[in-house]
A.B. asks: 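This is the structure I want to talk about, given as structure tokens.
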Protein chains: 4
Amino acid sequence: MPADGAPKFRRRKAERPAEILAAAMAVFAERGFAGARLEDVAARAGVSKGAIYLYFATKEEVFRAVVDQSLAPDIEAVKAMAAAHQGPFPDLLRLLVGRMVGLVAHTPVGGVAKMVIGEARNFPELARVWHDRLVSQAVEALTLAVAAAQARGEVRAGDPRLFALQIVAPLLIGVIWRETFTPIGAPDVDIEALAAQHLDTLLDGLMLRKAA
Amino acid sequence: MPADGAPKFRRRKAERPAEILAAAMAVFAERGFAGARLEDVAARAGVSKGAIYLYFATKEEVFRAVVDQSLAPDIEAVKAMAAAHQGPFPDLLRLLVGRMVGLVAHTPVGGVAKMVIGEARNFPELARVWHDRLVSQAVEALTLAVAAAQARGEVRAGDPRLFALQIVAPLLIGVIWRETFTPIGAPDVDIEALAAQHLDTLLDGLMLRKAA
Amino acid sequence: MPADGAPKFRRRKAERPAEILAAAMAVFAERGFAGARLEDVAARAGVSKGAIYLYFATKEEVFRAVVDQSLAPDIEAVKAMAAAHQGPFPDLLRLLVGRMVGLVAHTPVGGVAKMVIGEARNFPELARVWHDRLVSQAVEALTLAVAAAQARGEVRAGDPRLFALQIVAPLLIGVIWRETFTPIGAPDVDIEALAAQHLDTLLDGLMLRKAA
Amino acid sequence: MPADGAPKFRRRKAERPAEILAAAMAVFAERGFAGARLEDVAARAGVSKGAIYLYFATKEEVFRAVVDQSLAPDIEAVKAMAAAHQGPFPDLLRLLVGRMVGLVAHTPVGGVAKMVIGEARNFPELARVWHDRLVSQAVEALTLAVAAAQARGEVRAGDPRLFALQIVAPLLIGVIWRETFTPIGAPDVDIEALAAQHLDTLLDGLMLRKAA
DNA sequence: TATGAATGAGTTTTCATTCAT
DNA sequence: TATGAATGAAAACTCATTCAT
């Protein structure tokens, strides 16, 4: 039933799971869940198909682990943002958005986000985890900050949760653009520039104000 | 099988393709491209599996057609928006955003957008079509409008394309939220309210201005 | 994703399931459940692998169906036997055993029985069905017949259920022998002769009786 | 890992193979050949997967060894039975059957027999070994004893080999029942009672004899 | 000797696609 | 045109077997 033949394997370690997940993240981001072949993940990780099953029970499990793992550092960042709550609102906002731009630029959140969006119907738990652990945390932190600023009379009246979404939206669109349209040759979006301009606009409005 | 009293006014030939695409849109939106079974599409369309192949050569072709078809009306709307270029900028902006909210609320663009995002890597042509025919048109129209308003001294300085993205972003986020998080029980986003508040903020800024 | 190439299939019918089950019975009997490859079943049935799944959801389902199907005719026979309950016990016994020999000789019960025995632990439901629908029916019928004969003073005292097992045992051993040892070249067992001799012995005892 | 107080008197080397075979017997009896995972055998034996291969070349080899090993003691018993050939036939028969009941009740022959029956087609050598070393020995011994008794005028005319099968059959059926139907909740068979009643019936016949 | 991580052939199952009717 | 039975390539997953340690 088995084989004979040539030399097979070499090493053995505890980094395997992480290596596999890194490979999986890339493949999932490229092909989506259903389109990803575990064999490709294995190849990318420099491992055999079977080795994956040494660490993860199913393809779904791998997918979940990828999403899960990509959350950890971001959650910390979000918490840090939430803790930053001091000083005048514009400063706070600049700080928060700056943090988010950093995240978005230096981690593969974009790819994972795309996966979550694309597979939300097939894997509701993923959408749930992503929402509960990341999105809702961020939104809540922002919402509170906005509400506080409103209370202080710094920020105009309005639904603070919607304000939170408004704040985050361009960043997300930037990320999605990068994942969706840049690869097909559409002009890239400079997320940092977008964020900067967004901040200014957000704070002061789009319209010029004639000198009183 | 006829002997039942129900009227047999099944539409014929001409509507078939449209019916199939409608069914396909629903199934693709639910399961994604790979997850969608043509058999389900057929069942949903009240048609045999084979019949699909009478009109479309492959599953990909069906997918393409779905995206393509969902574009047509929107493109018109975009063009209409583009044509609306008159009057003071705020009025224009309200008009445009209003149109987009209507579109987003009354058509399944949300579902299709999600598909395009999720499968962009697997079907770059889709992303391209979607971008070229819809996104870039809308962005361009907005960019031009912004630029014109800047020329007129109505709008502050800044990259008009980024302004365009800023304008659209919250709407898109709303749509994505609706497709991704609402189904898992997250609090819904009231897109109309979001748009309204977004407009106000955009025009006047987030910050309260002390009376001079 | 699919193929091109040469002509594929021919006919189409309602006999398919039966054909598949016949093939499956043979393959299962030869290789056991786990050892049987559905591909072989398909080949034997002159059908493609996929075709099996048109009629049965899983390999287990096929297995179940095989056992199930092999039961039907036998159950009738058992019921017929049970209905035969008349006349002096020796006549009844000859009748019953004759019937069973016929069954055993002209149907593949042997092969199926072997499968049930071999896979009882893996598929308890099979053992249960086999027991409830076939074995216990037969045993019960025999038990009742024996008990009646005891009441009539025809048969000696003793546990009638055990008598029933004694009656059936040599037949079953014959069948099992045929499935297990005959194929490896062991001398065959002439089940009819065994049955005949068994009947005589059973009725009169093994021992010669000196003339009073 | 030592620092706990439990005595560490693990047996060493010599017992390993036997321990592995004992574990294997259990697993094979539970799952059949194909269904048994060597990993489970290893776990059950308190040994690593690799260790099995230190003693046995393949899974088949392990299977063979299990069957082989389970034969040894039984063969002795059979030989002993064969040697017992003295005195009047009924005494002999009681002795022989008594021995067999003991065997059957106190060893796992039942489980092994089931395996042999179930895998006979896949592993003909097993069926052959089982037949040649055990079954045919027992049958032959019985056959000779019967023939001798016939010669002495103790036993009625008839094929002595078939008589031998008749003698053994109920015991085997009892064992098979225990392995097949008892686990699914069918009423158990009291093998000792079955044997006792079988002996009586065999010797004297099922039918009551009117007083001369 | 003993371990257990790693391998990869082999099997089930799915589903886009074909084609006889 | 329309049907749906049939096909078969593709991919997840299992587990006997190997071998570096």
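Computed from heavy atoms alone, side chains included, the values below leave out hydrogens, waters and symmetry copies.
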A.B. asks: Could you spell out the base pairing of DNA chain F as a dot-bracket line? Use Watson-Crick and G-U wobble contacts where both distances are under 3.5 Å, [ ] for crossing pairs, | for partners on a different strand.
C.D. replies: .||||||||||||||||||||
A.B. asks: Check the distance between E/dA6's P and A/Glu15's CD and give it to me in whole angstrom.
C.D. replies: 10 Å
A.B. asks: Can you tell me the distance, in whole Å, between the CG atom of B/Leu54 and the C1' atom of E/dT17?
C.D. replies: 13 Å
A.B. asks: E/dC15 C1' sits how many Å from B/Phe33 CZ, rounded?
C.D. replies: 12 Å
A.B. asks: Kindly say if D/Arg37 contacts the phosphate of F/dA16, meaning a side-chain N or O under 4.0 Å from OP1 or OP2.
C.D. replies: no
A.B. asks: Distance from A/Ile117 atom CD1 to A/Thr180 atom OG1, nearest 0.5 Å?
C.D. replies: 8.0 Å
A.B. asks: What contact category does D/Leu38 fall into here, base, sugar-phosphate, or nothing, at under 4.0 angstrom with non-hydrogen atoms?
C.D. replies: sugar-phosphate
A.B. asks: Within residues 44-53 of chain B, find the residues that approach DNA chain E with a heavy atom at under 4.0 Å, and present them sorted by residue number.
C.D. replies: B/Lys49, B/Tyr53
A.B. asks: Sequence neighbours left out, what pairs pass salt bridge (Lys or Arg N to Asp or Glu O under 4.0 Å) with at least one residue falling in residues 44-59 of chain B?
C.D. replies: B/Glu30-B/Arg44
A.B. asks: Expressed in angstrom and rounded to an integer, what is the separation of C/Ile20 atom CD1 from E/dT13 atom P?
C.D. replies: 14 Å
A.B. asks: When all nucleic acid strands are considered with a 4.0 Å heavy-atom cut-off, which category describes A/Ala34: base, sugar-phosphate, or nothing?
C.D. replies: nothing
A.B. asks: Between atom CZ in C/Phe63 and atom P in E/dT12, what is the gap in whole Å?
C.D. replies: 14 Å
A.B. asks: Apply side-chain hydrogen bond (donor to acceptor under 3.5 Å, both in side chains) to D/Asn122 and list each qualifying residue two or more places apart in sequence or on a separate chain.
C.D. replies: D/Glu119
A.B. asks: By side-chain hydrogen bond (donor to acceptor under 3.5 Å, both in side chains), which residues pair with B/Arg64, not counting sequence neighbours?
C.D. replies: B/Glu60, B/Glu125
A.B. asks: Can you measure A/Lys59 atom NZ to F/dA11 atom C1' for me and round it to whole angstrom units?
C.D. replies: 8 Å
A.B. asks: For a quick check of understanding: with a heavy-atom distance under 4.0 Å over all strands, which category does B/Ala42 fall into, base, sugar-phosphate or nothing?
C.D. replies: nothing
A.B. asks: On the nucleotide E/dA5, are OP1 or OP2 found under 4.0 Å from the side-chain N or O atoms that A/Tyr55 carries?
C.D. replies: no
A.B. asks: Got a sec, which residues hit salt bridge (charged side-chain N to carboxylate O under 4.0 Å, His left out) with B/Arg121, two or more places apart in sequence or on another chain?
C.D. replies: A/Glu179
A.B. asks: Taking CD from A/Glu60 and P from F/dA11, how many angstroms apart are they, rounded to a whole number?
C.D. replies: 18 Å
A.B. asks: Taking the side chain as every heavy atom from C-beta outward, state whether C/Tyr55 and C/Leu21 have any atom pair closer than 4.5 Å.
C.D. replies: no
A.B. asks: C/Phe56 has an atom CZ; how far is it from atom C1' of F/dA6, in whole Å?
C.D. replies: 15 Å
A.B. asks: Going by the rule side chain to side chain contact (heavy atoms under 4.5 Å, CB included), which residues pair with A/Ser70 if we only count those two or more places apart in sequence or in a different chain?
C.D. replies: A/Met25, A/Val112, A/Trp130
A.B. asks: Taking only residues two or more places apart in sequence or in another chain, which ones pass side chain to side chain contact (heavy atoms under 4.5 Å, CB included) with A/Arg128?
C.D. replies: A/Asp132, B/Ile184
A.B. asks: Name the closest nucleotide to the B/Arg16 side chain, picking from F/dA2, E/dT3, E/dT13.
C.D. replies: F/dA2
A.B. asks: Once ring pair (Phe, Tyr, Trp, His ring centres under 6.0 Å) is applied, do any residues pair with B/Phe63, and if so which ones, sequence neighbours excluded?
C.D. replies: B/Phe28, B/Phe33, B/Phe123
